[in-house]
Amino acid sequence: MVNYSDKIREISKRLLKDCKVDMIIGFRKGSVPMMNEPHFARTAEDVDELVWDSNCGINLANYLTDRKEKIGVAAKGCDSRNIVTHILENKIKREQLTIIGVPCKGMIDKRKIAGLVEGEVLEVTEDEEQINVKSSGGKKSFKKTEVLQENCAVCIHRNPVVYDEMVAEPVPEQTDVDRYEDVRKIEEMDPEQRWAYFDDLFKECIRCYACRNACPLCYCPTCFVDEAKPQWVGKSQDPIDIRTFHFLRAYHCAGRCTDCGACQRACPVGINMRMLTKKLEKDCKDLYNWEAGLTLDSRPPLDFYRPDDPEDFIK
Amino acid sequence: MSALSPAIQDREELVENPYLPYPVRIDDIVVETEDRNLKTFKFVFLNEQDEKKFDYHAGQFAELSIPGKGEIPIGIASSPVEKGFVMFTVNKAGVVTTHLHNMKVGDIMGIRGPLGNWFPWEMLEGKNVLLVGGGFAFTTLRSSIVYMIDPANRSKFGNITVVYGARTPGMLLYKNELIEWEKRDDIDMHITVDATDDPDWKYNVGFVPPVTEEKAPQGDENTYAIVCGPPIMIKFTQPVLEKLGYTHDRIIMSLENRMKCGIGMCGRCNIGRELVCKDGPVFTLEQINQTPREY
Amino acid sequence: MGVEPGRLQFSWISSAESTKFVDVVTKVTEAVKTLGPNQRFVKKEAKVA
Amino acid sequence: MDSHRINQLTHQRINQSRRDTDMKIVAIDKKDWEKGLDRLREAYRLIGPVKEDRYHYFRELPQGQAPDFDFFNTRISAKEIVYPQSEDLFEYTLDETKEDYHLLKEVEKDYSPKAVLGIRPCDAKAVELVKLNFDTDDYKDPYWLRAWEATTFVGLACDSPCSTCFCTTAGCGPYHEEGLDVLLADDGDRYVAKVLTEKGENFMKAAGWTEGAEAEARFESGKSAAEEKIVSTVSTEKLRSADTLALHGNEEMWEDISFSCINCGTCTFVCPTCWCFDIQDEVHGKQGRRMRNWDSCMFPIFTVHTTGHNPRGTKLQRVRQRFMHKLKYFVDKYDAGIMCVGCGRCVQQCPVNIDIRRVCDLMDRYGATDACAVEG
């Protein structure tokens with residue numbers, strides 16, 4: 001992906017030079033393995049810091065909310081879909097953006113890799129399809145496909161759906177993936193089991209709200225958990241309050257979530273809160289044949305009534 | 001057998017819990033302003049000895065504590081020379097204050113304090129004092145005036161000048177007292193309102209800063225200004241005071257920030273290294289200038 | 001999530017359909033009563049620490 | 001309030017319990033480890049690192065469970081042992097028919113002795129820094145202090161620090177003793193324990209671990225070997241000389257640092273030295289309680305006024321506050337170094353990779369430039 005970085009820099013410099021944009025939003029190399037930092041560039045020198053590799057899992061649409069500048073933004077498939085959602089929800093204007101499309105073969109799962117090697121991960125490099133890990137316990141290599149983030153492994157929109165420039169030819173889309181195997185497992189549980197499953201899922205939550213804040217959909221000026229007049233949710237570590245937060249946040253993402261995985265990636269304790277959002281995503285697909293952020297031309301299902309909307313759950 | 005030294009057990013009794021409010025009863029409620037958003041609450045301590053412990057100076061604040069709702073930091077409006085009660089004037093704004101406005105005489109709640117520092121009364125002895133107040137930030141200034149004009153204290157101070165303004169005559173706090181003070185010759189009162197259509201209004205009309213410019217004494221070594229008011233008033237009063245010759249170490253202000261603990265521990269009210277709740281709320285402008293002014 | 005079946009119901013009732021509203025509310029109330037007190041999403045008054 | 005007297009007494013007691021004992025070193029055969037733990041359980045609640053799913057956390061150790069010492073560090077710091085994320089302060093009734101209606105009563109809590117086994121020296125030093133906030137001349141936080149006094153801190157020396165550890169340049173180190181009552185080091189088929197305080201002495205006695213050992217050399221060599229392994233550093237020397245307002249005013253630097261911040265509370269919640277909290281009332285029926293929860297200067301509502309005005313309304317302001325507090329305001333206020341022990345948790349866990357080591361160096365450099373300008 002070295003050429004991705006070069007190409008992004010090349011395009012960015014051109015856009016800045018031609019005054020097409022005021023700033024570029026991308027990533028700079030992180031200070032620890034498997035982490036890159038979202039970053040902005042306003043000058044040609046700044047641009048040289050920009051990189052792209054398999055550690056760009058944070059969703060950059062998150063950095064566009066309510067910005068006033070003209071922005072060039074690097075966007076992989078999921079980022080572009082959230083940019084579409086942002087545009088539909090009036091959080092940014094299409095005219096403000098120059099979207100630098102990045103075809104994506106997935107981001108690597110830093111936790112998975114940490115779990116697969118001995119000791120502490122010290123350095124991670126990548127060749128086209130191979131991830132090389134140096135840890136305090138030795139060296140190991142993995143096929144990239146083995147260590148993808150869970151959401152990337154089942155991604156079916158790897159190419160940007162909207163873009164002005166592309167850094168490379170589109171990559172082939174995955175067609176033979178079973179997106180909802182995990183969701184079906186939970187659907188098959190009885191209510192007792194399901195309750196217990198989510199109890200266990202959220203038991204380490206520290207309410208840092210990293211999931212919410214990494215999510216490009218969670219841009220409300222005051223989140224319902226922070227609302228004081230009236231207060232909806234308690235603020236302690238009571239498990240019911242924690243569950244209420246995750247559960248309601250997921251609902252607020254219904255029909256909007258692109259399963260970009262930023263929430264799970266951001267979580268300091270490794271909670272897979274995508275188990276909530278994915279269920280809603282699956283329902284939107286099954287009931288309304290809707291996938292979020294694929295086009296600027298239609299409104300999301302919870303935003304729009306159609307006479308043929310299914311009603312079989314309504315009595 | 002406890003593995004700890006026995007001395008640790010008695011430590012519990014030694015530490016007074018600074019989060020525990022003194023229980024008080026609402027003794028009187030006065031609606032202060034025509035919009036009914038400001039009420040003055042007079043509290044009486046349930047335990048007599050608590051009143052002695054609640055030993056305060058003009059300029060300090062306390063946390064009004066309503067079980068089930070929370071706490072709110074409010075400047076003490078009564079004066080240390082007034083005994084048997086404490087008094088707070090509260091603007092209806094948030095959850096706690098809205099609830100408080102619905103409470104009635106006889107209700108039990110809590111007061112935690114006194115908290116923060118106070119106006120530098122020792123330093124002000126022998127000096128002329130100018131008090132500039134606007135809107136409902138006049139509360140601790142009332143406390144100060146009552147303290148200074150108390151027969152036991154009046155001789156300690158030079159000239160006392162007060163400029164106090166509100167939007168309309170109906171929005172002035174402590175109207176009866178203002179009228180009393182107007183009549184006195186040992187305090188120079190300048191009451192003003194932004195505007196009024198009351199033909200009988202016999203005081204000033206105009207914003208606080210220009211009235212200050214017109215009426216306040218010149219600043220000098222022996223004169224201090226205490227300024228309490230909304231940010232906009234403070235912003236425009238500062239240059240006026242500078243023009244009148246007040247140096248920044250002689251301009252005293254009381255700051256507000258969001259607070260929870262009131263005792264310097266919860267961490268939210270800081271302006272740089274200073275905590276508004278504990279190192280303040282009273283600062284000289286000179287001190288404030290050294291901070292990042294995040295208030 | 002594991003909320004017991006029968007506690008959640010969706011109905012589409014126009015503002016003109018007062019009898020339907022009464023009907024639905026009565027039925028749901030009865031259904032929920034037979035389920036007994038809710039055990040989930042109920043904060044127990046447990047101490048936090 | 002008679003705070004002066006309280007204060008004197010506190011200091012006396014601390015000096016007493018923290019006075020240097022004879023720096024006894026005791027050997028604990030690993031075969032005797034579990035037996036000792038059982039004996040300890042008679043006098044202490046034991047807490048230690050336990051692996052849950054992916055990460056280690058401090059948990060109570062029930063009978064039969066030994067602490068798991070095969071870890072780099074716990075995911076969340078040890079601060080929660082004396083300062084839980086949520087804690088009840090008072091309870092009360094809102095029932096007007098009750099005699100004690102609206103009167104706050106302290107919640108009864110278990111302040112019986114507890115011992116934390118395997119706390120890393122960085123976390124123990126952090127507790128000492130946090131104490132500066134909760135144990136002041138003017139006010140004592142009774143909840144924090146009681147829990148702290150009830151706790152015996154049994155540290156585990158850090159023989160394999162992480163690449164993100166920078167304790168040695170953050171006023172700490174892998175064998176640092178500040179804040180500890182006992183320091184354990186792994187020595188093959190035994191642990192060697194340096195007994196540092198009277199509290200520690202009592203702890204060792206209760207465990208039945210009393211066999212003296214000549215192991216000073218193990219600590220000496222272990223310490224230098226571990227310090228060797230710390231590869232990551234921060235520069236803090238010039239922070240003190242930096243001009244607060246100039247540093248605060250460098251918007252360009254703060255924009256660069258804060259751009260990626262998503263305003264979550266991860267850094268503050270995993271940090272062993274962050275102490276900010278919120279106080280909340282919660283009511284169930286007629287029963288109410290007042291509690292406190294950890295809060296974070298990264299959250300916009302942390303500072304918002306009732307009027308809606310927010311003195312730190314932008315993320316630049318909030319990120320700046322966090323770093324200025326840790327690396328400048330604290331440094332100036334307490335003269336106890338930086339408010340950071342170099343545990344590296346925020347470095348590892350920040351979702352967007354804001355790295356305090358980089359920020360600290362930037363701030364320190366700024367101090368230097370400034371000082372040079374003044375001198376020149």
Side-chain angles (χ1 to χ4, degrees), chain A residues 183 185-203 205-207 225 231-251 253-254 272-280 282-283 287 302 305-307 309-315, chain C:
Chain A
V183 176
K185 268 190 199 142
I186 297 172
E187 285 172 344
E188 280 157 19
M189 294 177 185
D190 67 34
E192 290 295 327
Q193 290 170 320
R194 235 179 277 157
W195 188 262
Y197 172 85
F198 285 107
D199 252 358
D200 185 62
L201 186 68
F202 298 126
K203 69 176 187 297
C205 178
I206 54 170
R207 295 188 80 167
V225 283
Q231 187 177 321
W232 302 105
V233 188
K235 306 217 174 202
S236 77
Q237 283 301 94
D238 187 296
I240 294 297
D241 287 325
I242 291 175
R243 185 189 283 245
T244 304
F245 158 64
H246 284 286
F247 171 59
L248 282 181
R249 192 192 83 81
Y251 264 109
C253 301
N272 183 9
M273 60 293 285
R274 288 172 46 252
M275 292 319 301
L276 291 173
T277 45
K278 261 185 98 179
K279 162 67 177 160
L280 295 164
K282 176 172 176 281
D283 284 355
L287 297 169
L302 293 179
Y305 172 73
R306 284 187 316 206
D309 277 347
E311 291 180 5
D312 53 340
F313 55 90
I314 298 172
K315 285 176 200 158
Chain C
M1 230 18 208
V3 173
E4 299 147 274
R7 279 199 199 276
L8 181 65
Q9 169 161 334
F10 297 91
S11 292
W12 191 312
I13 309 171
S14 141
S15 57
E17 296 174 301
S18 59
T19 47
K20 185 177 173 191
F21 177 75
V22 172
D23 219 37
V24 169
V25 169
T26 312
K27 272 191 199 141
V28 173
T29 315
E30 276 166 15
V32 171
K33 270 184 186 160
T34 58
L35 285 170
N38 189 14
Q39 298 301 321
R40 294 180 184 157
F41 278 114
V42 179
K43 268 171 87 169
K44 315 205 166 47
E45 214 216 329
K47 284 173 181 148
V48 279

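Convention: sequence-line order gives letters A, B, ...; per-chain numbering from 1. Values reported hereafter were calculated over all heavy atoms of this structure, with side chains retained and with hydrogens, waters and symmetry mates removed.
By the 6.0 Å contact criterion, CZ on Phe10(C) is open, its count of non-hydrogen atoms from other residues, nucleotides or ligands being 12 or less. Remark: Lys203(A) NZ is packed, more than 12 non-hydrogen atoms of other residues, nucleotides or ligands lying under 6.0 Å away.
Ranked by heavy-atom pairs under 4.5 Å with chain C, the list Pro191(A), Ala196(A), Gly234(A), Ala250(A) is led by Pro191(A). With chain C as partner, the option from Arg243(A), Lys279(A), Met189(A), Met275(A) having the largest number of non-hydrogen pairs under 4.5 angstrom is Arg243(A).
Heavy atoms of Leu276(A) lying under 4.5 Å from chain C belong exclusively to its side chain. Residue contact with chain C, scored on non-hydrogen atoms closer than 4.5 Å, involves the backbone and the side chain of Glu192(A) alike.
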